[in-house]
Participant: 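Just passing along the structure, written as structure tokens.
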Amino acid sequence: MSDNVKSGVDFIRERINKDNETGKYNKQVVTRFPPEPNGYLHIGHAKSICINFGIAREYNGRCHLRFDDTNPEKEEIEYIESIKKDVRWLGFDWGKHLYYASDYFQQIHDFAVNLIKAGKAYVCHLTPEQMREYRGTLTEPGKNSPYRNRSVEENLSLFEQMKNGELDEGACVLRAKIDMASPNITMRDPAIYRIKKAEHHRTGSTWCIYPMYDFTHCISDALEGITHSLCTLEFEINRPLYDWVLEQIGYPHRPQQIEFARLNLNYTVMSKRKLLRLVTEKYVHGWDDPRMPTLSGLRRRGYTPESIRTFAERIGISKVNSTIDYAFLEYCLREDLNMRAPRVMAVLKPLKVVIDNYPDDTVEWMPAINNPEDESAGEREIPFSNVLYIEQEDFSLNPPPKYHRLSPGKEIRLKHAYYITCTSVVQDESTGKITEVHCTYDPASKGGWTDDKRTVRGTSHWVSAAHAKKAEIRLYDSLFTNENPDDDSEGKTFIDYLNPNSLEALSGCLVEPGLEKAKPGDFFQFLRQGYFCMDPDSTSENLVFNRTVTLKDTWAKLQKKNG
RNA sequence: UUCCCGGUAGUGUAAUGGUAGCACCACAGACUCUGGAUCUGUUCGUGGGGGUUCAAGUCCUCCCCGGGAAGCCA
């Protein structure tokens with residue numbers, strides 16, 4: 001690493017570079033991702049995962065996955081499994097470095113005993129209400145607890161009783177003895193151990209006291225040899241306590257906490273509490289509902305791990321509270337899918353087209369390129385016959401200006417097939433609805449091209465009626481109508497901003513026959529429609545696809561602009 | 001009201017005393033068998049006042065604005 005600080009390097013890497021220059025950690029970089037197993041991971045966690053695992057990879061270090069499981073009341077094994085799955089899916093590997101804070105309960109306990117012996121911690125019998133009073137306020141200092149000067153022997157004995165389950169839950173806590181007048185309230189004799197007689201998902205009933213986050217996290221970091229403990233801004237105020245604990249316990253390795261801003265995205269909510277509510281109150285179909293910003297939801301929606309990693313990298317790292325445009329995430333997604341998604345044809349809202357001059361006993365298999373962005377993706381063949389379906393939107397009886405699609409007398413190109421010209425339409429006598437469009441085709445245009453200089457502006461996708469497979473296609477839109485669903489001014493809550501049209505399920509869609517062989521999770525570009533992926537609900541009788549994201553649609557934009 | 005952290009185009013993010021740059025969005029155009037992709041261009045910015053300096057987004061100072069903090073949550 002050069003002596004000059006490089007342009008474009010964020011403040012965390014800058015710090016690591018400096019540590020490597022000074023040899024602070026012997027050029028080791030060890031980070032960790034420390035989720036609490038009390039919910040599913042979301043896109044905000046993805047940023048943290050990419051930073052922690054990404055930096056470790058970049059500096060040839062390592063990143064630990066550590067479950068911060070110090071609160072048995074809220075944590076469940078289900079969440080542990082989903083978290084592991086999501087981290088792996090994102091493309092990261094903790095190798096053998098899978099840890100649980102609960103692995104350290106004995107050591108953490110021993111450090112607490114030492115702290116008591118050093119006169120730096122005491123058992124406090126103030127009730128929670130009293131503790132709040134004694135803590136003071138943001139503007140006033142706190143008062144010392146009457147239990148603050150208990151003898152070491154008494155504290156040791158009391159803590160032992162807490163540990164042995166001889167005291168009731170809530171009866172007392174172990175507190176660090178720091179400074180009740182500190183301007184930083186975190187330092188006003190914080191609780192470091194509380195009594196909880198709950199069954200822990202890993203340690204069972206071994207413990208009835210559990211260490212608090214502030215005491216657990218820094219010790220876990222030290223024990224694991226973490227060098228750079230990267231966390232979000234809300235822990236900034238806890239940093240003096242992090243350092244205080246490590247200073248007191250005198251452990252030889254000293255990790256350092258560095259904070260960065262958490263990710264905010266517009267049109268979504270990120271709090272675990274709110275996501276949980278969406279699930280439990282059934283506003284969505286589960287944690288992996290494709291409208292959810294959870295990693296399992298994004299995965300089912302069709303987001304690729306690559307695009308999420310790229311996104312995380314591009315948004316950068318800073319200490320500024322910021323909100324990223326959802327459009328930027330979609331940009332990263334489209335960029336990835338554009339290069340990799342096979343193109344196929346699917347008709348969402350079918351309109352029957354009959355080619356009157358095409359023999360009704362003939363089927364031609366037309367070669368179709370799979371991905372114009374990737375020659376190696378090759379070609380496939382799709383069947384063409386005299387009865388087809390095109391998109392309802394691709395035909396208009398009274399076309400608006402600049403409409404380049406099919407209308408009476410107009411000629412368009414059927415992608416990979418022929419030019420067709422509309423000769424007549426069949427309408428339902430009572431409703432006026434167009435039920436069938438009749439066309440003629442130009443045999444000289446086979447493959448979608450002619451040698452004359454004829455220009456055909458419009459190109460439609462289509463499927464052959466006799467060969468197409470039926471499918472259900474789920475069109476997703478933003479879950480919220482408000483850019484900032486967390487905005488609770490005007491007495492509203494995020495529930496009030498739910499988008500009633502966030503899901504439109506279409507049945508009777510028709511897709512080209514090859515899609516029958518797709519597997520859940522496979523992604524495609526449905527030509528001119530967007531990117532879609534096969535949903536796990538899919539069966540051989542009922543193909544199901546989710547719309548991941550639309551293509552940019554300048555025609556829709558034009559129409560919108562013109563009212 | 002106290003303490004801490006921040007403030008660069010609409011949104012993100014660079015510039016570490018020396019030309020305010022990049023990306024997304026928006027808009028306009030070119031090109032195109034996807035109204036896709038690609039390419040080109042345009043609008044738009046250092047929160048404010050003082051100060052130091054040949055030179056300030058950057059250093060000093062005062063102010064303004066935003067966020068966080070009073071769990072036996074993490």
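Just so you know, these numbers come straight off a predicted model, no measurement behind them. Here is the naming used below: chain letters follow the sequence lines, and residue numbers restart at 1 for every chain.
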Participant: So, taking the atom named SG in A/Cys332 and the one named CD in A/Glu313, what distance separates them when rounded to the nearest 0.5 Å?
Facilitator: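 Separation between the atoms: 9.5 Å.
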
Participant: May I ask you to say whether A/Asp477 pairs ionically with A/Arg547, meaning some side-chain N is under 4.0 Å from a carboxylate O?
Facilitator: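 Looking at A/Asp477 and A/Arg547, the cut-off is not met.
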
Participant: Ignoring backbone atoms, establish whether A/Thr137 has a side-chain N or O less than 4.0 Å from OP1 or OP2 of B/U2.
Facilitator: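 Answer no for this pair, as no side-chain N or O of A/Thr137 is under 4.0 Å from OP1 or OP2.
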
Participant: In whole angstroms, how far is the C1' atom of B/G68 from the CZ atom of A/Phe260?
Facilitator: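 One finds 16 Å between C1' of B/G68 and CZ of A/Phe260, rounded.
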
Participant: Looking at A/Glu133 and A/Lys143, does any basic side-chain N land under 4.0 Å from a carboxylate oxygen?
Facilitator: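 Looking at A/Lys143 together with A/Glu133, the answer is no, because their closest N to O distance does not fall below 4.0 Å.
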
Participant: Do A/Trp207 and A/His109 have their ring centres less than 6.0 Å from each other?
Facilitator: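 Yes, close enough.
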
Participant: Using a cut-off of 4.0 Å on non-hydrogen atoms, how would the nucleic acid contact of A/Thr216 be classed: base, sugar-phosphate, or nothing?
Facilitator: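 Here A/Thr216 touches no strand at all.
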
Participant: Does a side-chain N-to-carboxylate-O contact under 4.0 Å join A/Arg340 and A/Glu373?
Facilitator: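 So A/Arg340 does not pair with A/Glu373 through a salt bridge.
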
Participant: Using heavy atoms to find the nearest nucleotide of RNA chain B for A/Leu138 and A/Arg135 separately, return the residue whose nucleotide is more 5′.
Facilitator: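 The answer here is A/Leu138.
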
Participant: Check whether more than 12 heavy atoms from other residues, nucleotides or ligands sit under 6.0 Å from atom CD of A/Glu393, and answer yes or no.
Facilitator: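 No, CD of A/Glu393 has 12 or fewer neighbouring heavy atoms, counting only those of other groups under 6.0 Å.
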
Participant: When rounded to the nearest Å, what value does the distance between P atoms of B/C44 and B/G6 take?
Facilitator: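 Taking atom P in both B/C44 and B/G6, they lie 31 Å apart.
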
Participant: Under 4.0 Å from any atom of RNA chain B, heavy atoms only: list the residues of residues 185-196 of chain A that qualify, in numerical order.
Facilitator: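 The stretch gives A/Ile185, A/Ala191, A/Arg194, A/Lys196 as the residues lying under 4.0 Å from the strand, ordered by number.
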
Participant: Roughly how many Å is it from CD1 in A/Ile258 to P in B/C5, rounded to a whole number?
Facilitator: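 The distance from CD1 of A/Ile258 to P of B/C5 comes to 16 Å, rounded to the nearest Å.
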
Participant: Is the shortest distance from a Lys or Arg side-chain nitrogen in A/Glu259 or A/Lys319 to a carboxylate oxygen in the other one below 4.0 Å?
Facilitator: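 Yes, charged N to carboxylate O under 4.0 Å.
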
Participant: Taking only the side-chain heavy atoms of A/Arg132 (C-beta and beyond), determine which of B/G71, B/G12, B/G6 contains the nearest atom.
Facilitator: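 Of the candidates, B/G71 comes closest.
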
Participant: Could you tell me how far apart A/Arg66 (CZ) and B/A74 (C1') are, to the nearest whole angstrom?
Facilitator: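 The answer, rounded to whole Å, is 12 Å.
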
Participant: Taking A/Arg405 first and then A/Glu391, would you say they form a salt bridge - that is, a charged N and a carboxylate O separated by under 4.0 Å?
Facilitator: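 Here A/Arg405 does not pair with A/Glu391 in a salt bridge, since their nearest N and O are not under 4.0 Å apart.
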
Participant: Would you please indicate yes or no on a ring centroid separation below 6.0 angstrom for A/Phe526 and A/Phe545?
Facilitator: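 They qualify: ring centres under 6.0 Å apart.
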
Participant: Could you give the NZ-to-C1' distance, from A/Lys74 to B/G71, as a whole number of Å?
Facilitator: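 Distance, rounded to whole Å: 9 Å.
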
Participant: Can you tell me which nucleotide in B/A23, B/G71, B/U2 comes closest to the side chain of A/Thr139?
Facilitator: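 So the side chain of A/Thr139 is nearest to B/U2.
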
Participant: Roughly how many Å apart are B/A56 and B/G50, using the P atom of each and rounding to a whole number?
Facilitator: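 Looking at atom P only, B/G50 and B/A56 are 14 Å apart.
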
Participant: Can you give one letter per nucleotide of nucleotides 29-47 of chain B, 5' to 3': B if a protein heavy atom sits under 4.0 Å from the base, S if only from the sugar-phosphate, - if neither?
Facilitator: ----BBBBS----------

Participant: Looking only at the side chain of A/Phe328 (C-beta and beyond, no hydrogens), which of the listed nucleotides B/A23, B/C73, B/U13 gets closest?
Facilitator: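 So the nucleotide nearest the side chain must be B/A23.
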
Participant: Please state how far atom CD in A/Glu259 lies from atom P in B/A74, giving the value in whole angstrom units.
Facilitator: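 My rounded result for the distance is 18 Å.
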
Participant: Taking the basic N atoms (NZ, or NE/NH1/NH2) and the acidic carboxylate oxygens, is any pair closer than 4.0 Å for A/Glu169 and A/Lys196?
Facilitator: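 Here A/Glu169 does not pair with A/Lys196 in a salt bridge, since their nearest N and O are not under 4.0 Å apart.
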
Participant: Between A/Asp103 and A/Arg66, is there a salt bridge with N-O shorter than 4.0 Å?
Facilitator: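 Looking at A/Asp103 together with A/Arg66, the answer is no, because their closest N to O distance does not fall below 4.0 Å.
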
Participant: Could you measure between the two C1' atoms, the one in B/U11 and the one in B/G68, and give it in whole Å?
Facilitator: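 The answer is 23 Å between these two C1' atoms.
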
Participant: If the glycosidic angle is within 90 degrees of 0 it's syn, otherwise anti, so just tell me which one B/G29 is.
Facilitator: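 B/G29: anti.
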
Participant: Using a heavy-atom cut-off of 4.0 Å across all strands, would you classify A/Ser182 as base, sugar-phosphate, or nothing?
Facilitator: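 Here A/Ser182 touches no strand at all.
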
Participant: Remember a base hit wins even if backbone is also touched, and classify A/Asn266 as base, sugar-phosphate or nothing at under 4.0 Å, heavy atoms.
Facilitator: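 No contact at all - A/Asn266 keeps every heavy atom at 4.0 Å or more from the nucleic acid.
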
Participant: So, are A/Arg135 and A/Glu140 salt-bridged, with charged N and O less than 4.0 Å apart?
Facilitator: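 The answer is no: the pair does not qualify as a salt bridge.
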
Participant: With rounding to whole Å, what would you report as the distance between B/A14 and B/G7 at their C1' atoms?
Facilitator: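 16 Å, rounded to whole Å.
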
Participant: Would you kindly give the CZ-to-P distance between A/Arg314 and B/C25, to the nearest whole Å?
Facilitator: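 Nearest whole value for this atom pair: 11 Å.
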
Participant: Looking at B/C27, I'd like to know if its phosphate oxygens (OP1 or OP2) sit under 4.0 Å from a side-chain N or O belonging to A/Lys557.
Facilitator: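 Indeed, a polar side-chain atom of A/Lys557 lies that close.
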
Participant: If you only use heavy atoms from C-beta on, which nucleotide in B/G12, B/A26, B/A69 is closest to the side chain of A/Ile324?
Facilitator: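 Among B/G12, B/A26, B/A69, the one nearest the side chain of A/Ile324 is B/G12.
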
Participant: Between NE2 of A/His45 and CZ of A/Phe33, what distance do you get to the nearest 0.5 Å?
Facilitator: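 Interatomic distance, A/His45 NE2 to A/Phe33 CZ, rounded to 0.5 Å: 5.5 Å.
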
Participant: From the list B/A74, B/U11, B/G6, which nucleotide is the closest neighbour of the side chain of A/Asp325?
Facilitator: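 In terms of side-chain proximity for A/Asp325, the closest of B/A74, B/U11, B/G6 is B/U11.
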
Participant: Let me know the distance between CG of A/Leu333 and P of B/C24, rounded to the nearest Å.
Facilitator: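 Taking atom P of B/C24 as the reference, CG of A/Leu333 is at 15 Å.
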
Participant: Has A/Arg202 got its NZ or CZ under 6.0 Å from the middle of the six-membered ring of A/Tyr100, at an angle within 45 degrees of the ring axis?
Facilitator: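 Cation-pi check for A/Arg202 and A/Tyr100: passes.
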
Participant: Would you indicate, yes or no, if B/U13 has its OP1 or OP2 atom less than 4.0 angstrom from a side-chain nitrogen or oxygen of A/Lys319?
Facilitator: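 For B/U13, OP1/OP2 do not have a side-chain N/O of A/Lys319 under 4.0 Å.
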
Participant: If pairs are Watson-Crick or G-U with both distances under 3.5 Å, what is the dot-bracket string of RNA chain B, marking crossing pairs with [ ] and pairs to another strand with |?
Facilitator: .((((((..((((....[..)))).(((((.......)))))....(((((..]....))))))))))).....

Participant: Heavy atoms under 4.0 Å, any strand shown: does A/Val320 hit a base, just sugar-phosphate, or nothing?
Facilitator: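 The residue A/Val320 makes sugar-phosphate contact but no base contact.
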
Participant: Distance check, P atoms only: B/U32 and B/C24, in whole angstrom units.
Facilitator: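 Looking at atom P only, B/U32 and B/C24 are 23 Å apart.
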
Participant: Work out how far the P atom of B/U16 is from that of B/U58, and round it to whole angstrom.
Facilitator: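 These two P atoms come out 12 Å apart once rounded.
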
Participant: Could you check which of B/A74, B/G12, B/A26 has an atom nearest any side-chain atom of A/Thr323?
Facilitator: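 Minimum distance to the A/Thr323 side chain belongs to B/G12.
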
Participant: By nearest heavy atom, map A/Ala261 and A/Pro183 onto RNA chain B; which one lands nearer the 5' end?
Facilitator: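 By nearest-heavy-atom nucleotide position, the 5'-most residue is A/Pro183.
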
Participant: Rounded to whole angstrom, note down the P distance from B/G49 over to B/G57.
Facilitator: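 Per the computed distance, 12 Å lies between those P atoms.
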
Participant: Would you confirm whether A/Tyr210, through its side chain, and A/Ala198, through its main-chain N or O, come within 3.5 Å as a donor-acceptor pair?
Facilitator: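 Yes, because the side chain of A/Tyr210 sits within donor-acceptor range (under 3.5 Å) of the backbone of A/Ala198.
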
Participant: Does A/Leu126 reach a base, just sugar-phosphate, or nothing at all? Heavy atoms under 4.0 Å.
Facilitator: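 Result for A/Leu126 = base.
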
Participant: Sticking with atom C1', work out how far B/G45 lies from B/U8, rounded to a whole angstrom.
Facilitator: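 Between the two C1' atoms, the distance is 6 Å.
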
Participant: Give the rounded distance in Å between these two atoms: CG of A/Leu233 and P of B/G7.
Facilitator: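 Taking CG of A/Leu233 and P of B/G7, I get 11 Å after rounding.
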
